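All values derive from a computational prediction rather than experimental measurement. We count residues from 1, following the sequence as given.
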Amino acid sequence: SARFPTTANQMLRSLQAATSTRAAGGSSESRGEQRPSSRNVESDPAPKGEAWRPAGTPAPLTQTAFPDNSGSVGLPAGWRFLEAAGGYALLEGPKRERVVMSSGFSAWDMRNPQTANTFRNGQLPGRYVSIPFGTDPATAYTAVVTQMAIKLQRQPPTVQISSTEKAVGPDGFPYMVLKGEQDLHDGVGMRDLLVHYYVMAQPDAQGTWFLILFQYLVPKGLMQQELPTLAAMRRSYRENGQVIQSQNQAQLARAHQSFQNSQDLNRARNQAFDAHMADLDRQSADRGAANDGQDKRNQAFSNYLLDRTAIVDTRTGAQGTVSSGFATSLMQADPNFESVPTENLLKGITY
């Protein structure tokens, strides 16, 4: 249980991708081949609905694989990867341009009672964001970048959206084109902004939905000049669905193994501690029995005040105490985990 908070974010993100597949026909993260891409662009260089693509000659591009091989993109001279993983990449150009390729987020609609109960403290882990389904794209985009900046303990960017329009990509996915300005507070000031905003599925039973962003930021006044190159970079983006799927499976396996290792260690400690406690109990059976029941009740009340929950793995009987939000997510995702009644708390483990 001590290590669980350090691995839960990755597990929950991968788990959300898997459960979205079952609930809504598959999320873009779990079925990599369905992520917005540039498939068939060569045979249809300017599909109807992609009016953002300008006329002009783009800079020469070199198709470059992501460091984790989960995708590739054409890079102009002087551009580099700042981040890349799972089909997502953050790129930087020589003029302090910033381009985000295929950044995915699980959005939780807090108007849904199940979702609100899952995250009663309002703190969503990892790349989970709190956005009601149906929020207009400009407001939703601002909410995403603001919430992620706060999680990273950074100053939220200043965003000004001036226009939105509908478009349909060559892969058949509809999306919204957002135009405006954005200041990352990194010393550059306001940059010109262009965003491709995809909503990937209807909400599931818990009000969870998935969105993907492609983001283009260039210094003020350079957008028209750089649009041909940015458009070519977007068309060059490719994802490796097999690698992305393998990464998701590996994340789940690591999270499971980490939790199992923690349970094995706790079980060994519990056995030694239980043996010691059994010896003490034999010395003061009557007094210990009375105190035991009161200790459990005290612990249950303390858990309530601290918003914590004792859970048990019904396959092994191992117990641990985690935050109520994590406990709810874990129990909803895996029926083998249950909350522990007060009378079944384990001495030295959960009270």
Would you check if the side chain of [X] reaches a backbone N or O of [Y] as a donor-acceptor pair within less than 3.5 Å?
X    : Y    : answer
N240 : V243 : yes
S246 : Q242 : no
S236 : M233 : yes
K151 : G126 : yes
Q182 : L217 : no
R96  : G187 : no
T350 : T321 : no
T146 : T142 : yes
S70  : G87  : yes
D307 : S323 : no

### Task
Could you pull out all residues at least two apart from R269 that satisfy salt bridge (Lys or Arg N to Asp or Glu O under 4.0 Å)?
none
Do you know the tightest heavy-atom contact between [X] and [Y]?
X    : Y    : result
G348 : F273 : CA-CE2, 3.5 Å
S106 : T208 : CB-CG2, 4.5 Å
Y141 : V159 : CE2-CG1, 3.9 Å
A138 : L178 : CA-CD2, 3.8 Å
T229 : P76  : CG2-CG, 3.6 Å
P156 : I150 : CG-CG1, 4.0 Å

Working to the nearest 0.5 angstrom, can you tell me the gap between [X] [atom1] and [Y] [atom2]?
X    : Y    : atom1 : atom2 : result
Q215 : S103 : CD    : OG    : 8.5 Å
S302 : R297 : OG    : CZ    : 15.0 Å
N336 : T314 : CG    : OG1   : 4.5 Å

#### Entry: Pairs flagged by salt bridge (Lys or Arg N to Asp or Glu O under 4.0 Å) wherever residues 131-148 is involved - sequence neighbours left out
none
### Query
Can you pull the salt bridge (Lys or Arg N to Asp or Glu O under 4.0 Å) pairs that have at least one residue in residues 71-82, sequence neighbours excluded?
R80-E92
### Message
Does R308 qualify as a cation-pi partner of F326, given the criterion of NZ or CZ under 6.0 Å from the six-membered ring centre and within 45 degrees of its axis?
### Response
no
### Query
How far apart are the C-alpha atoms of Y237 and F214, what are their side-chain angles, what is the distance that settles it, and do they pass the ring pair (Phe, Tyr, Trp, His ring centres under 6.0 Å) test?
CA-CA 11 Å; Y237 166 74; F214 288 76; 5.6 Å; yes
### Task
Applying side chain to side chain contact (heavy atoms under 4.5 Å, CB included), run through E181 and L193 and close with a yes or a no.
CA-CA 5 Å; E181 299 177 344; L193 170 70; 5.5 Å; no
### Query
Taking it one step at a time, do L230 and V99 satisfy side chain to side chain contact (heavy atoms under 4.5 Å, CB included)?
CA-CA 8 Å; L230 297 177; V99 168; 3.8 Å; yes
Who pairs with [X] by side-chain contact (heavy atoms from CB on, under 4.5 Å), at least two apart in sequence or on another chain?
X    : answer
T158 : D183, H185, M190
P94  : W79, E97
A300 : T342
P60  : none

### Query
When you look at CZ of R267, are more than 12 heavy atoms from neighbouring residues, nucleotides or ligands closer to it than 6.0 Å?
yes
### Query
Just checking, any donor-acceptor pair under 3.5 angstrom between side chains of S324 and T309?
yes
### Query
For Q299 and N303, does a side-chain donor sit closer than 3.5 Å to a side-chain acceptor?
yes
### Query
Which ILVMFWY residues are connected to V188, directly or by a chain of links, through side-chain heavy atoms under 4.5 Å apart?
none
#### Entry: Residues Y216, R234; criterion side chain to side chain contact (heavy atoms under 4.5 Å, CB included); working and verdict
CA-CA 10 Å; Y216 312 86; R234 171 66 179 89; 3.0 Å; yes
### Query
So, do D192 and Q224 sit near enough that their side-chain heavy atoms are less than 4.5 Å apart?
no
### Message
Is there a side-chain contact between T57 and P228 in this structure, where contact means two heavy atoms from C-beta onward sitting under 4.5 Å apart?
### Response
no
### Message
Any salt bridge linking R191 with D186? Criterion: basic side-chain nitrogen under 4.0 Å from a carboxylate oxygen.
### Response
yes
### Task
Could you walk me through whether I131 and Q147 pass the side chain to side chain contact (heavy atoms under 4.5 Å, CB included) test, one step at a time?
CA-CA 10 Å; I131 303 176; Q147 292 179 39; 4.2 Å; yes
Who passes side chain to side chain donor-acceptor pair (under 3.5 Å) against [X], sequence neighbours left out?
X    : answer
E83  : Y88
N344 : none
T64  : none

### Joint cluster assignment, F301 & L345, ILVMFWY side-chain distance < 4.5 Å
no
### Query
Same hydrophobic cluster for L61 and L222, using side-chain heavy-atom links shorter than 4.5 Å among ILVMFWY?
yes
### Task
Return the set of residues passing ring-ring contact (aromatic ring centres under 6.0 Å, His included) with F66 (not counting sequence neighbours), or none when no residue passes.
F81
### Message
Classify the ring geometry of W209 against F133: parallel below 30°, tilted from 30° to 60°, perpendicular beyond 60°.
### Response
perpendicular
### Query
Between W108 and Y128, what is the ring plane arrangement, given parallel below 30°, perpendicular above 60°, and tilted in between?
tilted
### Message
side chain to side chain donor-acceptor pair (under 3.5 Å), that's the test. Do S72 and Q63 meet it? Break it down for me.
### Response
CA-CA 7 Å; S72 67; Q63 195 71 16; 2.9 Å; yes
